[in-house]
Visitor: 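Below you'll find the structure I mean.
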Amino acid sequence: MQIIRYDGSFYGLISALVPFLKQHRLPDAIERENERQPSLAVAEAEPQTTAVSVAGGNLHDAELFRIPGISRETWQNAWYAFLSEEKNIELRLARYLLLALEKRGTVDAYQTDERVRSIHRLARQVSVERHRFMGLLRFRSIGANLYYASISSDTFVLPVLAPFFVRRFAGQQWIIHDRRREVAAVYNLKTWTIIERKSADIPPDASEEIAAQHLWQCFFDSIAVRERLNLALQQKCIPKKYWHDLIEKPGR
Amino acid sequence: MANEIAENVAGHGHGSWVAVADKLRILSAAARYDVSCASSGSSRGSPAGSLGNVVPGGICHSWAADGRCISLLKVLFTNFCVYDCAYCMNRRSNDIERAAFSPSELADLTISFYKRNYIEGLFLSSGIIKNPDYTMELLIRCVKLLRENHGFAGYIHLKAIPGADPDLIFQAGKLADRLSVNLELPSQQSLNLLAPDKSKASIFGPMQRIRDWSLEYNPPAGRQRLVSYSGITALTSSPARHQPATRPVFVPGGQSTQLIIGASPEDDRQILTLSESLYKKMQLKRVYYSAYVSYNHDSRLPDTQSPPLLREHRLYQADWLLRFYHFSVDELFENGPPLLDNDFDPKIMWALRHPEFFPVDVNRADFESLLRVPGLGMISARRIVQARRVGRLNIEDLAKLGVVMKRARYFLAAPGSDSGSLGLDPTRLRQRLLAVEPPVLKPKQLTFEDMTGFQPEIFKDAVMGQF
């Protein structure tokens, strides 16, 4: 019985898996030592780097990810699927990567194979949720050039979401708080990192912030075409689970 | 009165936010019948010190109560207007609340929304205040403030005001990601009747100029510019050396237009023929269709109770077929009336008239033929092509690929499929398909994100794709 233990990060998982993959076999079980170690997955990336460079490979040894037969696309799928935090994702990834080695770079064409299909599905889930939050995330101004947003995502999108906002709002300091996982991405104009953060003690909104929120709600209400009212479609596009962190009030 | 306001507008007076809220309420309501809200098709990096960027696929930030995506802060600069177009709620003869932003007010508002991630950028249109040139100048002043004073690198969609000086349109194009001139009515007769102050020339003129400038400033990759910016023929043979470090851009997101559907008597075929020629000849990125909402009581207009949403929806579907599925308008309407089918989407309509084309062999047919199969989209077709490289596909495999078989099963041949035994008799097929058609239609603007299996890179290809 061979059981792998890893630190909860993607890098840690891959480091532990590689020896098995190289011998073309699978461990019997994979266990997480910690619940989650996001900082080890992404660590401190430069503001301009994209998260696409696999799992903070810029900090860790990028050599680890250079395995003949496993393409960049395959790593990308693996990394996104990992963030889905689906049960037993580790073993599923191991099977997927092992197949990738067998198929020598063409693994992602085997979309009828359950091992590939499930990884693609999970990766897509994360990618779609990330894209959603690129639009639905709302910052509040909580100080001089300091902004705060809270989200509660089904998947752990923070490590792939934060770099987007680093590019977009490079000149603002911000915090994105994942309430469900009690972690936060913090950007200080130079670098960003993910830290543990249980609850946020956010100061009450200043008058300027209240004005901005009011103006947004006003725009949101008046842009809708009355004659075409379609609340069901609206709710389909913004599922209720996201309403809590929005400034605007859908559904009316 | 409009003149007084115009003077006031040109100044930089700052009202309290309550006053701004009032203007915002009026001027966003006045802009809501302009359907374009896309923030796509352009790409803008964020140089150091600037605010924001533009992603090619566009991002929806919210969805309004009508189910439409909110991506841009969509407002009119003012709803004062010297024109009196029959279909327009802002026409001179309507007794409505009027308002106007000042350039700095609107710039500040945009920045305040953008920094909070409410929007991708600004969509700015306007009623005609004083005259077209004056109006265009005000819009430019606002956008200049955004780009130059605020270092704003987000998305800006500007209206080119029909009749404005070409120099002003050019200036606007250097600042904006996308320009649009709204055609509104699909024929000269309808324009004469319903928008007597506008002419075809005042719309197509700027459209052509924008196209030509856009070709000059955004040459397709690998093609060398013949005329340099100063107008002198460039003789150098090295395009790489000739490219300045930061290439000046002109509406990187191209131009779009809008047609009102149902206010005038043109049929679907006429409308789509117009769109096709706009895509081909004017190289437009998008033609938007806006179901006519009757808010003016005017004897020249049909008195419709509800906007023709289904027709609008079908036109969008057909438009999609033109742009991404390599259909032509002539093909679509061949052997049939010049109207799209109410019961089925235009692809099924075409398929029912062309039984000889089907069934399409999943394992042999080329990509283009797969795209013609009802129920197969870009993503499914691409997956099929990819997956069959590594093995023959049977009917169960298709389901595993995520192909929706509800409609496709009647048109596909694959090992294990029963399409052969069903036959392709159009009348029988019509019955069968009607049975699976969803009873309630939810009209919407199609976006790639809605599709299952959304993949940003395919989305990007599709959005950037030329006709």
Side-chain angles (χ1 to χ4, degrees), chain A residues 103 106 108-114 117 120-121 124 127-128 131-132 134-141 147 149 164-165 167-172 208-209 211-216 218-238 246-248 250-252, chain B residues 17 20-21 24-26 28-29 31-33 46 48-53 55 57 59-71 73-75 109 112-113 115-118 120 151 291 293 306-307 309 383 386-387 389-391 393 396-397 400-402 442-444 449 453-456:
Chain A
K103 302 297 183 191
T106 62
D108 292 303
Y110 288 83
Q111 298 188 17
T112 54
D113 188 306
E114 182 54 34
R117 210 147 59 97
H120 281 190
R121 186 174 49 80
R124 200 156 49 238
S127 162
V128 165
H131 190 88
R132 261 188 172 145
M134 280 157 65
L136 290 177
L137 182 134
R138 298 282 177 265
F139 280 116
R140 296 160 185 266
S141 162
Y147 292 82
F164 169 79
F165 287 107
R167 283 192 297 280
R168 172 152 294 195
F169 299 122
Q172 290 167 219
E208 196 203 329
E209 174 58 30
Q213 293 184 9
H214 180 89
L215 286 166
W216 173 241
C218 165
F219 173 74
F220 180 78
D221 289 340
S222 93
I223 200 66
V225 177
R226 306 285 177 280
E227 294 85 349
R228 306 181 58 137
L229 196 73
N230 194 342
L231 292 175
L233 181 57
Q234 181 191 40
Q235 194 181 319
K236 195 185 142 227
C237 296
I238 329 175
L246 290 176
I247 302 297
E248 64 269 32
R252 51 178 210 192
Chain B
W17 69 265
V20 177
L24 182 61
R25 176 178 56 77
I26 296 167
S28 55
R32 67 186 174 213
Y33 296 98
S46 47
S50 69
L51 167 67
N53 58 357
V55 293
I59 296 171
C60 284
H61 284 257
S62 196
W63 281 265
D66 53 14
R68 297 192 303 174
C69 148
I70 298 174
S71 179
L73 169 59
K74 181 157 54 179
V75 289
L109 183 65
S112 144
F113 279 8
K115 284 190 157 184
R116 291 171 171 80
N117 203 40
Y118 297 168
E120 277 302 284
V293 180
S306 54
L309 295 179
R383 278 198 199 148
Q386 203 182 24
R389 277 190 205 129
V390 294
L393 297 174
E396 284 95 54
D397 291 333
K400 287 184 194 159
L401 290 179
K442 289 181 185 154
K444 58 198 278 199
E449 286 161 62
F454 171 68
Q455 280 178 303

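In the text below, chain A, chain B and the rest are named by the order of the sequence lines, each starting its count at 1.
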Visitor: Less than 4.5 Å to any heavy atom of chain B: does that hold for the side chain of A:Asp221, its backbone, both, or neither?
Guide: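 Answer is neither: A:Asp221 stays 4.5 Å or more from chain B.
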
Visitor: Report yes or no: do A:Arg167 and B:Asn53 form a side-chain donor-acceptor pair below 3.5 Å?
Guide: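 Judged by distance alone, the side chains do not pair up.
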
Visitor: Restricting to salt bridge (Lys or Arg N to Asp or Glu O under 4.0 Å), what partner residues turn up for A:Glu208, sequence neighbours left out?
Guide: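 Applying salt bridge (Lys or Arg N to Asp or Glu O under 4.0 Å) to A:Glu208 gives none.
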
Visitor: Of the backbone (N, CA, C, O) and the side chain (C-beta and beyond), which part of A:Phe219 lies under 4.5 Å from a heavy atom of chain B, both, or neither?
Guide: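 Both backbone and side chain.
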
Visitor: Please look at A:Glu227 and chain B and tell me whether the side chain, the backbone, both or neither of the residue comes under 4.5 angstrom of a heavy atom of that chain.
Guide: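 It is both, since atoms from each part get that close.
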
Visitor: For A:Gln213, which atoms come within 4.5 Å of any heavy atom of chain B: side chain, backbone, both, or neither?
Guide: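 Both parts, backbone and side chain.
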
Visitor: Under 4.5 Å heavy-atom distance to chain B, tell me which part of A:Leu246 shows up: side chain, backbone, both or neither.
Guide: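 Neither part, no heavy atoms under 4.5 Å.
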
Visitor: With a 4.5 angstrom heavy-atom cut-off, which part of B:Leu51 approaches chain A: side chain, backbone, both or neither?
Guide: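 Contact with chain A: backbone and side chain both.
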
Visitor: Out of A:Leu136, A:Asn230, A:Leu231, A:Leu233, which residue meets the side-chain contact (heavy atoms from CB on, under 4.5 Å) rule with B:Trp63?
Guide: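 So the option named by the test is A:Leu136.
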
Visitor: Ion pair present between B:Lys400 and A:Glu114, side-chain N to carboxylate O less than 4.0 angstrom?
Guide: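 So B:Lys400 does not pair with A:Glu114 through a salt bridge.
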
Visitor: Could you measure the distance from the OG1 atom of A:Thr106 to the CD atom of B:Gln386? Nearest 0.5 Å is fine.
Guide: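 Going from the OG1 atom of A:Thr106 to the CD atom of B:Gln386 covers 9.5 Å.
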
Visitor: Let me know if B:Arg389 has heavy atoms under 4.5 Å from chain A in its side chain, its backbone, both or neither.
Guide: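 Contact with chain A involves no heavy atom of B:Arg389 at all.
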
Visitor: Measure A:Gln111 against the heavy atoms of chain B and call it side chain, backbone, both or neither at under 4.5 Å.
Guide: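 Both parts, heavy atoms under 4.5 Å.
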
